[in-house]
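To start, the structure itself, in structure tokens.
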Amino acid sequence: MNYTGDELLWIAICDDERQSIRDIRSILLEGELEPGDFKISTFASGEDLLKASVSRYNLVILDMVFPGKSGREIAREYRKKNKDGLLVFCTGKSSPIMDDFKSMPYRFTRKEQIWQLRNDLLETVEEMYRRKNKKHLQLTQGKTTTFIEIEKILYMEIAKNGSAVYYYDRPDKVCQIKVKERLKDLYKQVSVFGFEFSHNSYLVNCHYLKRFDSHELQLIDGTRLSISRAREKSFRKRCVKYIN
């Protein structure tokens, strides 16, 4: 795939510890959907970060303790120049204070808690894709191309020669269309928006989950779908956070 600058997701890692930079970079690349999606820049100080075109970064991962300007000061400067980018404080020596929330951080995470660090960063990557990617899914009905808002899709199921897509046409009306695309190909496009397989036959928008157990799920419109034994563990791990 050929990328232009606008198609890249720009990420800055700002930390004065080389091992931390290596660890963070490695985790980020786990979440990259296609090689070349990310342009990752590393900085050993906040001053170096601010000298770069800081406004371009979709994500800044920032230590809080530096010999010069603190991470808090850098975060405030970043936020002045970029109102929409994701900011993650990643530190081992400091704890958040109330003023930190003025910079609208997406996460606070700790370097030494490597499993939590990994989870936090991969969730942040998912959110970064969600904000950057197109919000519509392009689907093929016969010779017609249809676009559906991804957030309106409840679930998709396998169908003859393709898939069936169930979506909200109006707040109280669920419609179905049959399309040529296969579920496994659709999954590559919608996984970052909170979709997961509950069964080889069902791809579910977890934002619409009402409840689920080891065998069955229920969506907010009352639809019940089965959860296969093979998919139950991964489905639970991915979707439990969407249940209030």
Side-chain angles (χ1 to χ4, degrees), residues 1-15 20-43 49 52-62 82 84-88 90 106-107 109 114-115 117-140 145-153 155-158 162-163 165 167 179-198 200 202-207 231 233-235 237-239 241-242:
M1 183 178 292
N2 295 320
Y3 291 92
T4 68
D6 289 340
E7 291 169 325
L8 288 171
L9 287 163
W10 290 78
I11 302 172
I13 306 171
C14 188
D15 199 303
S20 293
I21 289 177
R22 286 193 289 267
D23 290 343
I24 291 168
R25 190 176 190 279
S26 177
I27 293 169
L28 292 173
L29 291 175
E30 288 183 44
E32 189 179 38
L33 292 186
E34 291 190 44
D37 278 359
F38 295 169
K39 170 64 177 176
I40 301 177
S41 303
T42 61
F43 303 91
L49 171 61
S53 300
V54 68
S55 61
R56 74 172 52 169
Y57 289 104
N58 304 94
L59 168 61
V60 171
I61 301 168
L62 185 62
N82 189 327
D84 301 317
L86 288 164
L87 172 65
V88 173
C90 181
Y106 182 71
R107 285 284 190 279
T109 191
I114 191 66
W115 286 106
L117 174 65
R118 182 176 181 275
N119 289 339
D120 286 341
L121 291 181
L122 290 180
E123 285 185 6
T124 302
V125 167
E126 184 177 309
E127 177 65 18
M128 181 174 58
Y129 271 113
R130 185 181 296 115
R131 295 185 183 189
K132 181 72 172 178
N133 285 358
K134 294 178 180 178
K135 303 298 184 182
H136 290 78
L137 188 62
Q138 181 176 322
L139 300 166
T140 309
T145 298
T146 300
F147 294 87
I148 295 180
E149 289 184 51
I150 291 174
E151 65 180 20
K152 291 184 177 180
I153 299 173
Y155 70 100
M156 295 177 269
E157 69 176 341
I158 196 168
S163 308
V165 179
Y167 67 100
V179 301
K180 290 184 177 180
E181 288 78 10
R182 297 178 298 173
L183 283 188
K184 68 176 184 178
D185 296 320
L186 293 171
Y187 179 71
K188 296 175 184 178
Q189 300 179 61
V190 301
S191 63
V192 296
F193 296 95
F195 284 74
E196 189 56 55
F197 281 104
S198 68
N200 287 345
Y202 303 119
L203 183 54
V204 177
N205 186 343
C206 297
H207 292 91
R231 294 284 188 176
K233 185 176 180 181
S234 59
F235 183 81
K237 181 178 179 180
R238 180 83 189 279
C239 295
K241 65 184 177 182
Y242 295 97

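All values below come from the heavy atoms of this structure, side chains included, with hydrogens, waters and symmetry mates left out.
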Please identify each residue that fulfils salt bridge (Lys or Arg N to Asp or Glu O under 4.0 Å) with [X], with sequence neighbours left out.
X    : value
R182 : D185
D23  : none
E127 : R130, R131
E123 : R107, K241

Identify the two heavy atoms, one from V190 and one from M156, that lie closest to each other, and give their separation to 0.1 Å.
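Heavy atoms only, the tightest pair is CG2-CE, 4.0 Å.
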Just jot down the side chain to side chain contact (heavy atoms under 4.5 Å, CB included) partners of [X], sequence neighbours excluded, or say none.
X    : result
R118 : I27, E30, W115, L122
S234 : none
D15  : E17, S20, I21, D63, K111
E181 : L139, T140, V179, L186

Does a side chain donor of either Y167 or E149 reach within less than 3.5 Å of an acceptor in the other side chain?
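Side chains of Y167 and E149: no pair found under 3.5 Å.
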Please determine, by modelled atom types, if S191 and Y129 share a side-chain donor-acceptor pair under 3.5 angstrom.
no
With sequence neighbours excluded, residues passing side-chain hydrogen bond (donor to acceptor under 3.5 Å, both in side chains) with T124
none
Name all residues meeting the ring-ring contact (aromatic ring centres under 6.0 Å, His included) criterion together with [X]; count only those two or more places apart in sequence or in a different chain, and write none if there are none.
X    : answer
Y155 : Y166
F195 : none
Y202 : H199

Using a 3.5 Å distance criterion without hydrogens, assess whether the side chain of E32 forms a donor-acceptor pair with backbone atoms of F38.
yes
